[in-house]
Enquirer: 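Right, I'll just put the structure down here and ask away after.
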Amino acid sequence: IFFFKQKTAYDIIVPSGTNGQWKIGLKAKNIFGKIPDTYTAFNLKVFVDDIYKGDIVVPASATKYRSGSFIAGLTSGVHRIKFLWINDYWVQGVYDANIQTKEVFFERINQWK
């Protein structure tokens, strides 16, 4: 999965088997361009079923996949998770931030009754 420009989004449909708190995150790195030293992180807004739930900050790297995550409460059932990249950086012929996502992950932290 790639993000090539700011305000690019992608959706994932996930089943949540139980009510609870979930760690939602992704592993990503820059691809197809150079980023300046001052560009320290990819910032993404996260929506669950079209409701804003929080932000993920992934440390920026051109060589290593890095992780970012946040905690959200999910009820049991199927949910639409939307990641929206908000801080593109581009200077023609010099810099071009683009995100390559290696993995999106969901880890249950605890269960509600």
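The analysis underlying the following values was restricted to heavy atoms, covering all of them including side chains, and did not include hydrogens, waters or symmetry mates. Note that this is a predicted model, so its numbers are computed, not measured.
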Enquirer: Excluding sequence neighbours, so at least two apart, what forms ring-ring contact (aromatic ring centres under 6.0 Å, His included) with F47?
Expert: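 If we apply the ring-ring contact (aromatic ring centres under 6.0 Å, His included) test to F47, skipping adjacent residues, the hits are Y52.
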Enquirer: Can you name the side-chain hydrogen bond (donor to acceptor under 3.5 Å, both in side chains) partners of D37, sequence neighbours left out?
Expert: none
Enquirer: Assigning hydrophobic clusters by single linkage (Ile, Leu, Val, Met, Phe, Trp, Tyr; side-chain heavy-atom cutoff under 4.5 Å), is I99 placed with Y95?
Expert: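 In one cluster with I99: Y95, yes.
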Enquirer: With sequence neighbours excluded, what pairs up with P59 under the side chain to side chain contact (heavy atoms under 4.5 Å, CB included) test?
Expert: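 Side chain to side chain contact (heavy atoms under 4.5 Å, CB included) list for P59, sorted by chain: R66.
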Enquirer: Consider only side-chain heavy atoms of I, L, V, M, F, W and Y, link residues closer than 4.5 Å, and tell whether L84 and V57 are in one cluster.
Expert: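 Different hydrophobic clusters.
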Enquirer: List for me each residue that meets ring-ring contact (aromatic ring centres under 6.0 Å, His included) alongside Y65, sequence neighbours excluded, and say none if there are none.
Expert: none
Enquirer: Output yes when a side-chain donor or acceptor of N19 lies under 3.5 Å from a complementary backbone atom of S76, and no otherwise.
Expert: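 Here the side-chain-to-backbone pair exists.
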Enquirer: Residues in side chain to side chain contact (heavy atoms under 4.5 Å, CB included) with K23, at least two apart?
Expert: S69, I71, F105, E107, I109
Enquirer: Please lay out, stage by stage, how D55 and F70 fare under the test side-chain contact (heavy atoms from CB on, under 4.5 Å).
Expert: CA-CA 7 Å; D55 298 307; F70 84 112; over 6 Å; no
Enquirer: After noting the C-alpha distance and the side-chain angles of R80 and D49, does the key distance pass the salt bridge (charged side-chain N to carboxylate O under 4.0 Å, His left out) rule?
Expert: CA-CA 5 Å; R80 179 176 173 241; D49 301 324; over 6 Å; no
Enquirer: Please report the shortest heavy-atom distance between N98 and F32, naming the atom on each side.
Expert: ND2-O, 3.6 Å
Enquirer: Go through the structure and list residues passing side-chain hydrogen bond (donor to acceptor under 3.5 Å, both in side chains) with Q21, not counting sequence neighbours.
Expert: N110
Enquirer: Check for a donor-acceptor pair, side chain of T101 on one end and backbone N or O of E103 on the other, with a separation under 3.5 Å.
Expert: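 It does not hold such a pair.
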Enquirer: Just how far is it from atom CD1 of I31 to atom NZ of K102, taken to the nearest 0.5 Å?
Expert: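 If I round to the nearest 0.5 Å, the distance is 12.5 Å.
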Enquirer: In the single-linkage hydrophobic clustering (I, L, V, M, F, W, Y; side-chain heavy atoms under 4.5 Å), do I35 and V94 co-cluster?
Expert: yes
